[in-house]
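Structure first, then comments.
Fair warning: this is a prediction, and the values are worked out from it, not measured in the lab. Per chain, numbering begins at 1; letters A, B, ... match sequence-line order.
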Protein chains: 2
Amino acid sequence: MKVKKSRLDAIRLILSTQEIGSQEEMLNELAKEGFTLTQATLSRDLHQLRVVKTVGVQGKYRYVLPRPSQYRHEGEQGEMRPAAVIQETAGYLSIKFSGNIAVIHTKPSYAGTLAYHIDNCDFPEIIGTIAGDDTVMLIIAEGTGHTAVLRALRSIIPNI
Amino acid sequence: MKVKKSRLDAIRLILSTQEIGSQEEMLNELAKEGFTLTQATLSRDLHQLRVVKTVGVQGKYRYVLPRPSQYRHEGEQGEMRPAAVIQETAGYLSIKFSGNIAVIHTKPSYAGTLAYHIDNCDFPEIIGTIAGDDTVMLIIAEGTGHTAVLRALRSIIPNI
DNA sequence: GGTTATATTGGAAAAATATGCATTTCATGG
DNA sequence: CCATGAAATGCATATTTTTCCAATATAACC
């Protein structure tokens, strides 16, 4: 189906853009984008996207996207590729290296999203990432140089 | 308060031991442990612990503990009390090494729990861990080989 | 101790979320 | 084009979770 696919994309976009605290809220945002659907359908969509309701910093509830897993398991549906790589430099500030680790600093709260995109790229140069609030740690594959990492990252962070 | 503290501990233990899909379920488990409380109180407890309801691998809902090493903010009671080591393979998928870092990939949402257990073991081979959603990073002690790490981990991940 | 602020809790109700069932839509292979 | 099975969806409802309010219990302070 065409509608559902783009709706799921819209949901991902909205979740990574603003703070949504309930399905009703999300329903309103989706309505602004021209999607008409009921809460029942949204519940199913969120379930499929594995979106979770967490507790934000001020104790508020908030829906958040999961980090996509690099490995697909049996029974696991839901391919989670973002439509396109972000061309904007979404919060990127700096990158530093230390041995086989790279530390990327971002503006507050941007680390998760950036890590999300890096994960999705499945770079062979990077074997894993961990994100905090404004820091992303990358573990570099053995035998891979820093420039190789930079070159890879440049595809999603042009001005790195 | 004494009761609440130990109750929160019990909740953590239960969550890392078995799969809980609803607050009612948790209430039953807590009752077995001798805790009497209403679902309203449990909802508040879970909120305070920042426990989240995620979607498990078979599409089932499941409550999971927050990541141990991240999201530790001011007010939160940070002590993750030592729990009995549980023999479980919970979500383990793979492990890769790069220098003094090991990256364990798990099924979605299992990383926090796994890191929790590894931390509790206090392996001399592992000086620290960081957990994301489906990734655990281990910082290996200087002069320790990869096989030594595997050997240590085998006590909690038999089929590693 | 006595008094006042803070935290904890239960009960009930509100709010939010999930799901069974029927219907429509979509995709596929004659 | 039509039949057929699968997917998507809405509606109504069941289930689950959160929150309001009042009652205690706990802690802090003088």
Side-chain angles (χ1 to χ4, degrees), chain A residues 1-12 14-15 18-31 33-66 74-80, chain B residues 1-12 14-15 18-31 33-66 73-79 108-109:
Chain A
M1 229 245 196
K2 188 83 168 300
V3 181
K4 183 177 180 183
K5 184 113 176 63
S6 65
R7 190 181 61 226
L8 293 186
D9 282 342
I11 290 174
R12 289 201 200 92
I14 290 171
L15 284 179
Q18 49 202 289
E19 306 218 343
I20 301 296
S22 73
Q23 299 188 359
E24 283 298 321
E25 230 175 290
M26 172 61 84
L27 233 40
N28 288 336
E29 293 304 320
L30 285 171
E33 303 288 337
F35 292 96
T36 53
L37 70 162
T38 58
Q39 175 271 323
T41 300
L42 178 56
S43 173
R44 293 173 183 124
D45 284 355
L46 294 180
H47 181 272
Q48 183 170 352
L49 289 173
R50 302 174 60 94
V51 165
V52 302
K53 192 183 187 182
T54 65
V55 182
V57 276
Q58 312 98 327
K60 285 293 182 185
Y61 286 98
R62 179 185 171 204
Y63 280 92
V64 300
L65 282 170
E74 351 64 47
E76 209 55 64
Q77 88 286 34
E79 188 56 30
M80 309 249 327
Chain B
M1 234 282 186
K2 187 82 169 301
V3 183
K4 184 176 180 184
K5 184 114 175 65
S6 65
R7 189 181 60 227
L8 294 185
D9 282 342
I11 290 175
R12 279 196 281 257
I14 289 172
L15 284 179
Q18 46 203 290
E19 307 220 340
I20 302 296
S22 74
Q23 299 187 0
E24 283 299 321
E25 229 174 291
M26 172 62 85
L27 233 38
N28 289 335
E29 293 304 320
L30 285 171
E33 303 289 336
F35 292 96
T36 53
L37 70 162
T38 58
Q39 176 271 326
T41 300
L42 178 56
S43 174
R44 294 174 184 121
D45 285 353
L46 294 180
H47 180 273
Q48 184 170 352
L49 289 173
R50 303 173 62 92
V51 165
V52 302
K53 192 183 186 182
T54 66
V55 181
V57 277
Q58 313 97 328
K60 285 292 183 185
Y61 288 98
R62 174 182 168 217
Y63 279 94
V64 300
L65 284 170
H73 296 301
E74 344 68 49
E76 299 303 326
Q77 78 296 325
E79 290 308 313
S109 85

B/F35 has an atom CZ; how far is it from atom C1' of C/dT9, in whole Å? 15 Å
Between atom CG in A/L46 and atom P in C/dT17, what is the gap in whole Å? 9 Å
Select base, sugar-phosphate, or nothing to describe what A/S22 touches, counting heavy atoms under 4.0 Å on all strands. sugar-phosphate
Rounded to whole Å, CD of A/Q48 lies from P of C/dT19 at a distance of 14 Å
Distance, rounded to the nearest Å, where B/H47 contributes NE2 and D/dC20 contributes P: 12 Å
Rounding to an integer number of Å, can you tell me how far A/L8 CG sits from D/dT9 P? 9 Å
Would you find a donor on one side and an acceptor on the other, under 3.5 Å apart, between the side chain of B/T54 and the backbone of A/V52? no
What closest approach, in Å, do B/R7 and B/F35 show between heavy atoms, and which atom pair accounts for it? CA-CE2, 3.6 Å
So, is A/T41 near the phosphate of D/dT9, with a side-chain N or O under 4.0 Å from OP1 or OP2? no
Return the nearest nucleotide to the side chain of B/K53; candidates are D/dT16, C/dT9, D/dT19. D/dT16
Nucleotide D/dA8, atom P - distance to NZ of A/K5 in whole Å: 12 Å
Out of C/dT19, C/dT17, D/dC11, minimum distance to the side chain of A/T38 belongs to D/dC11
Could you tell me how far apart B/R44 (CZ) and D/dT17 (C1') are, to the nearest whole angstrom? 11 Å
Partner of B/L46 under side-chain contact (heavy atoms from CB on, under 4.5 Å), chosen from B/I11, B/I20, B/T41, B/L8: B/I11
Where the side chain of B/Q23 is concerned, which of C/dG11, D/dC11, D/dT17 is the nearest nucleotide? D/dT17
Mind checking B/L37 for me? I need base, sugar-phosphate or nothing, with any heavy atom below 4.0 Å counting as a touch. sugar-phosphate
Compare side-chain N and O positions of A/R7 against OP1 and OP2 of D/dT9 and report whether any pair is under 4.0 Å apart. yes
Any N or O donor-acceptor pair linking the side chain of A/Q39 to the base of C/dA18 at under 3.5 Å? yes
In this structure, how many angstroms lie between the P atom of D/dT16 and the CG atom of B/N28, rounded? 11 Å
For A/Q48 and A/K4, test the side chains for any donor-to-acceptor distance below 3.5 angstrom and give the result as yes or no. yes
Can you name the closest pair of heavy atoms from A/R50 and B/V55 and give their distance? NH2-O, 2.8 Å
Is B/Y63 close enough to D/dT16 that one of its side-chain N or O atoms is under 4.0 Å from OP1 or OP2 there? no
